[in-house]
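A quick write-up on the structure given underneath.
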Amino acid sequence: MWNASKCDLCGICLERCLYVDYDKKKAAADIKDLMDGRPADILSKCVTCCACSEYCPTGADPFDLILNAMEKYKSFPIKPEAVGFFGMASSVPNQVIKGRQGKPVLSLCVMEMSLPPDAIGGQMFDDLTIAKGGDYFCYLGYVHAGMETPLAENARKFIDNVAGLGDEIIFLHDDCYAMVDAKVRDYGIEVPFKYMHILEYMRNYLRDNKGKITKLGVKAAYQRPCASRYTPAKDVFVDEIFDLIGVERPKREYEREKALCCTGAFVKVYPQLAAEVQAKNVDDAIRYGADVLVTLCPMCDRVLRRPTTERGLRKVFITDLVRMALGEKTFPA
Ligand code: SF4
Ligand code: SF4
């Protein structure tokens with residue numbers, strides 16, 4: 001949540017933004033305008049990648065300031081039918097497939113349709129209860145429509161619905177984890193269940209089953225979802241998973257804090273910019289020697305299907321990558 005008392009107008013947040021070319025003076029001036037309740041240029045340029053809040057060294061949460069101003073001035077040029085897509089997510093039919101007694105619940109949110117085939121299966125997941133559908137939709141996607149209100153209005157319902165599933169929840173969708181681990185605190189909601197990210201779950205599984213791993217011996221670029229800006233500490237799980245399964249993560253320009261958005265947030269709004277960002281991202285992975293681009297978010301996976309295929313770079317969803325190391329799937333040729 002935006003905290004004006006933490007902002008010293010240093011300008012670092014928007015100076016580091018990868019989608020504008022601001023110096024610190026311009027960045028600070030835009031933040032000052034927004035703080036004082038005036039519109040600012042950034043509102044018509046922001047692609048909603050959430051990164052500026054991670055860049056801010058004081059924790060003032062400038063993206064929250066920008067997002068609320070975008071909503072107030074309706075400055076994100078998204079089409080009404082695209083906003084309607086988020087509305088439809090909450091009406092996706094629910095399904096709970098019971099697993100073994102005492103095992104946690106894996107929530108897929110409404111992401112099943114965007115997952116690669118058979119991405120959730122095999123020894124890591126077979127015992128788990130799987131929950132999916134609109135009741136478990138977290139609403140965080142609305143930030144990519146330039147809106148905060150739907151998150152705030154539905155956060156309680158989301159937490160209550162997930163709480164009804166059990167005491168221990170694993171979240172597949174990075175958005176859901178960001179909602180539970182970060183955003184709901186902004187709305188003063190307590191989380192009444194234990195939870196973990198699927199990355200932590202897979203890391204734990206691999207630690208407990210080292211004897212089943214065949215090291216893959218490949219280099220992988222990792223596509224960090226925008227929602228990870230809310231919960232950046234999870235990156236250590238990616239590093240440990242890669243280490244455990246014998247995957248090298250080559251240093252490249254657009255990774256970790258400097259990761260580029262997959263463009264799913266703005267591909268319909270700014271298609272030309274999206275094509276340029278996709279090319280920059282995939283070319284960067286290839287230039288630094290990656291054999292494969294690994295995705296965590298099903299939307300990233302879907303959006304990056306075409307640009308990776310066009311450039312001849314393999315793309316693998318992270319559960320599939322781990323299952324390859326467990327001998328359940330084959331690394332793509
Ligand atoms: S929001 Fe943070 S990074 Fe941006 S100007 Fe304020 S203190 Fe600096
Ligand atoms: S959310 Fe992303 S695009 Fe928007 S101002 Fe912040 S860093 Fe720039």
Side-chain angles (χ1 to χ4, degrees), residues 1-78 82 140-151 174-175 178-179 182-183 186 223-232 253-278 280-281 297 299-300 303:
M1 182 178 282
W2 168 244
N3 187 338
S5 70
K6 288 187 174 177
C7 180
D8 57 10
L9 292 174
C10 67
I12 289 171
C13 50
L14 301 188
E15 186 203 29
R16 289 191 64 187
C17 171
L18 294 169
Y19 308 93
V20 295
D21 187 17
Y22 279 14
D23 59 20
K24 282 204 176 78
K25 194 168 160 210
K26 170 65 176 156
D30 271 27
I31 293 290
K32 181 78 171 76
D33 279 341
L34 296 175
M35 278 170 87
D36 292 346
R38 294 185 295 274
D41 291 345
I42 193 66
L43 299 183
S44 58
K45 294 176 176 150
C46 173
V47 300
T48 73
C49 80
C50 318
C52 41
S53 287
E54 190 179 9
Y55 299 150
C56 172
T58 68
D61 200 353
F63 179 58
D64 194 55
L65 174 72
I66 291 167
L67 181 62
N68 279 284
M70 285 176 106
E71 184 168 3
K72 177 177 167 190
Y73 296 111
K74 298 187 173 33
S75 42
F76 195 62
I78 191 165
L140 197 87
Y142 273 96
V143 303
H144 301 311
M147 299 164 86
E148 164 98 29
T149 302
L151 281 70
D174 211 40
D175 285 32
M179 192 71 173
K183 284 304 283 183
D186 289 355
Q223 179 62 39
R224 191 174 188 251
C226 290
S228 288
R229 304 290 182 177
Y230 291 103
T231 57
E253 186 171 354
Y254 299 112
E255 64 163 2
R256 301 188 190 266
E257 273 199 2
K258 210 181 162 190
L260 286 165
C261 173
C262 74
T263 74
F266 59 94
V267 68
K268 295 267 195 263
V269 176
Y270 303 119
Q272 178 62 33
L273 175 65
E276 289 165 17
V277 171
Q278 288 172 6
K280 195 153 70 165
N281 192 10
C297 170
M299 283 308 290
C300 297
V303 170

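Counting starts at 1 for both ligands and their atoms, in listed order. Note that these values count all heavy atoms, side chains included, but never hydrogens, waters or copies made by symmetry.
- A salt bridge between E253 and K258 is present, with a side-chain N of the basic residue lying under 4.0 Å from a carboxylate O of the acidic one.
- For ligand 1, the atoms closer than 4.0 angstrom to any heavy atom of P57 are 3 (S).
- What you find for C261 and Y19 is that their closest heavy atoms are N-OH, 2.9 Å.
- Counting protein heavy atoms only, atom 2 (Fe) of ligand 2 is closest to C49 SG, 2.4 Å.
- By the 4.0 Å N-to-carboxylate-O rule, D23 lies too far from K26 to be salt-bridged with it.
- In this structure, CG on L18 lies 10.5 Å from CD on E257, to the nearest 0.5 angstrom.
- Closest heavy-atom contact between A145 and F76: C-CD2, 3.7 Å.
- Within a 6.0 Å sphere centred on NZ of K268, heavy atoms belonging to other residues, nucleotides or ligands number 12 at most.
- Residue F63 has at least one heavy-atom neighbour below 4.0 Å for each of these atoms of ligand 2: 1 (S).
- If you number the atoms of ligand 2 from 1 as listed, the ones under 4.0 Å from a heavy atom of V47 come out as 3 (S), 4 (Fe).
- Taking both residues in full, the closest heavy atoms of A259 and R229 are given as O-NH2, 2.9 Å, listed atom of the first, atom of the second, then distance.
- Inspection of the environment of atom 4 (Fe) of ligand 1 yields the following protein N, O or S atoms under 2.8 Å: C13 SG.
- Counting the atoms of ligand 1 from 1 in the order shown, those under 4.0 Å from a heavy atom of D8 are 7 (S), 8 (Fe).
- Shown in contact with C46 at under 4.0 Å from a heavy atom are these atoms of ligand 2, numbered in order with element: 1 (S), 3 (S), 4 (Fe), 5 (S).
- Classification of K183 and D64 as a salt-bridged pair holds, one side-chain N sitting under 4.0 Å from a carboxylate O.
- Short contacts between ligand 2 and Y19, defined as distances under 4.0 Å to a heavy atom of the residue, involve ligand atoms 3 (S).
- The contact set between ligand 2 and C50, taken as ligand atoms under 4.0 Å from a residue heavy atom, comprises 1 (S), 2 (Fe).
- C262 and V303 get closest at one heavy-atom pair: O-CG1, 3.3 Å.
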